[in-house]
Amino acid sequence: MLMTLKNAKGSSLIELMIAMSLGVSALSAFTAFIGFGVGVNASLLSSSRLNEEFTLVSQLLARDIARAGFDGNASLQVTDPQNTMSPFGRSLRLGQFPNETLNSCILFAYDRNANGMLDNQNGNENYGYRLRNKAIEMRTAGAPCDAGGWHDLTDSSVVQITQLHFTFHELVVSGRVLTQVEMNLVANLKVQPDVSRQHTMRFTVRNHAQ
């Protein structure tokens with residue numbers, strides 16, 4: 001009886017060592033699991049941020065470029081085409097900033113205030129977008145593709161635009177030859193270049209006839 005009581009008082013040294021070893025293993029596995037979860041979550045957040053900015057930028061460019069050629073006096077041009085020429089017609093042009101890829105800049109104009117006149121001063125109605133130093137820039141004051149004075153639309157310290165390319169296609173609608181723009185956009189996160197997006201989209205510029 002005495003021997004039985006002594007054995008029941010506690011665990012042996014070997015049992016304690018086994019229990020400690022199992023505890024350390026479990027803690028290491030739990031720590032590794034937490035680290036993996038944090039890493040996955042950070043990657044998902046980075047991917048989500050890129051997707052959000054990529055979608056917003058591509059939609060903004062497509063909507064704005066699609067306005068090219070709009071003229072508030074369009075009805076007069078229909079009733080009296082010989083005497084009413086649109087100052088916004090055939091305004092779509094392609095180019096590039098020096099050392100950037102071909103056709104990575106697009107210029108266009110549209111009647112933002114619908115007054116039928118091309119404003120070149122306050123509220124200049126000559127617009128455009130271009131690729132420069134891995135950022136998309138917006139045209140200001142009617143500047144050409146190869147000039148300064150453009151403003152950044154994207155932040156290259158966060159998202160890098162590695163490709164912006166425009167192509168024009170003809171589209172015949174009800175006997176009219178319209179312009180269809182194809183835009184190819186490629187971007188990645190600066191801190192994680194492997195997190196990238198690429199998208200090609202086409203949209204019709206209905207106010208811009210060939």
Side-chain angles (χ1 to χ4, degrees), residues 52-98 100-132 135-155 159 161 163-187 199-210:
E52 181 178 0
E53 182 155 348
F54 188 91
T55 300
L56 288 173
V57 169
S58 59
Q59 290 181 350
L60 185 151
L61 264 65
R63 286 198 301 266
D64 203 30
I65 297 169
R67 297 187 178 103
F70 168 72
D71 189 337
N73 285 337
S75 58
L76 293 178
Q77 294 157 25
V78 173
T79 57
D80 190 10
Q82 298 297 324
N83 297 318
T84 309
M85 299 296 293
S86 174
F88 303 94
R90 302 182 183 278
S91 63
L92 273 170
R93 300 190 306 278
L94 296 178
Q96 64 278 332
F97 187 80
E100 296 291 351
T101 56
L102 188 68
N103 296 339
S104 57
C105 173
I106 187 168
L107 307 178
F108 55 97
Y110 60 84
D111 196 1
R112 188 181 187 91
N113 56 17
N115 66 356
M117 297 183 295
L118 177 59
D119 298 323
N120 294 311
Q121 300 301 319
N122 297 328
N124 196 305
E125 293 175 329
N126 289 292
Y127 306 103
Y129 298 96
R130 74 179 181 189
L131 177 66
R132 184 185 180 190
I136 295 178
E137 296 183 331
M138 298 176 59
R139 185 186 189 190
T140 59
C145 287
D146 59 355
W150 293 55
H151 293 319
D152 283 348
L153 177 64
T154 62
D155 185 356
V159 174
I161 310 299
Q163 182 173 329
L164 178 65
H165 184 267
F166 300 99
T167 307
F168 293 160
H169 302 277
E170 290 186 354
L171 181 67
V172 180
V173 178
S174 301
R176 294 183 65 206
V177 181
L178 303 181
T179 300
Q180 188 176 67
V181 178
E182 179 180 307
M183 180 176 68
N184 183 258
L185 184 62
V186 182
H199 183 55
T200 298
M201 61 191 305
R202 286 192 178 195
F203 48 92
T204 302
V205 184
R206 299 189 174 277
N207 296 302
H208 191 276
Q210 294 281 9

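From a predicted model like this one, the values you see are computed outputs, not experimental measurements.
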When you measure from the centre of the six-membered ring of Trp150, is the NZ or CZ of Arg132 closer than 6.0 Å and no more than 45° off the axis?
no
So do the side chains of [X] and [Y] get within less than 4.5 Å of each other, counting heavy atoms only?
X: Ile136; Y: Leu185; value: yes
X: Val205; Y: Val181; value: yes
X: Leu92; Y: Thr179; value: yes

Before we go on, tell me: are the rings of Tyr110 and Tyr127 under 6.0 Å apart, centre to centre?
yes
Phe168 vs Glu182, side chain to side chain contact (heavy atoms under 4.5 Å, CB included): CA-CA, chis, key distance, verdict:
CA-CA 6 Å; Phe168 293 160; Glu182 179 180 307; over 6 Å; no
Can you measure from [atom1] ([X]) to [atom2] ([Y]) and round to the nearest 0.5 angstrom?
X: Asp152; Y: Glu137; atom1: CG; atom2: CD; result: 5.0 Å
X: Leu178; Y: Thr204; atom1: CG; atom2: OG1; result: 7.0 Å
X: Arg176; Y: Arg206; atom1: CZ; atom2: CZ; result: 9.0 Å
X: Arg202; Y: Gln180; atom1: CZ; atom2: CD; result: 5.0 Å
X: Cys145; Y: Arg93; atom1: SG; atom2: CZ; result: 8.0 Å

Run His165 and Ser104 through side chain to side chain contact (heavy atoms under 4.5 Å, CB included) and show every step you take.
CA-CA 5 Å; His165 184 267; Ser104 57; 5.9 Å; no
List the atom of [X], the atom of [Y], and the distance in Å for their closest heavy-atom pair.
X: Ile161; Y: Leu131; result: O-CD1, 3.4 Å
X: Leu107; Y: Ala143; result: CD2-O, 4.2 Å
X: Asp155; Y: Glu53; result: N-OE2, 4.2 Å
X: Ala109; Y: Asn126; result: CB-OD1, 3.8 Å
X: Ala68; Y: Asn207; result: O-CB, 3.5 Å
X: Asp111; Y: Gly116; result: OD2-N, 2.6 Å

Would Asp64 and Tyr129 count as a side chain to side chain contact (heavy atoms under 4.5 Å, CB included) here? Give the steps.
CA-CA 10 Å; Asp64 203 30; Tyr129 298 96; 2.6 Å; yes
Side chain to side chain contact (heavy atoms under 4.5 Å, CB included), that's the test. Do Ile65 and Ile106 meet it? Break it down for me.
CA-CA 9 Å; Ile65 297 169; Ile106 187 168; 3.8 Å; yes
Can you see whether Asp119 engages Asn124 through a side-chain donor-acceptor pair at a distance of less than 3.5 angstrom?
no
For residues Asn184 and Gln163, is any side-chain donor paired with an opposing acceptor at under 3.5 Å?
yes
Between Glu125 and Arg112, does any side-chain N to carboxylate O distance fall below 4.0 Å?
no
Name each donor-acceptor pair under 3.5 Å that joins a side chain in residues 54-62 to protein atoms two or more places apart or in another chain, with its distance.
unit_1: Thr55; atom_1: OG1; unit_2: Asn51; atom_2: O; d: 2.8
unit_1: Ser58; atom_1: OG; unit_2: Phe54; atom_2: O; d: 3.0
unit_1: Ser58; atom_1: OG; unit_2: Thr55; atom_2: O; d: 3.0

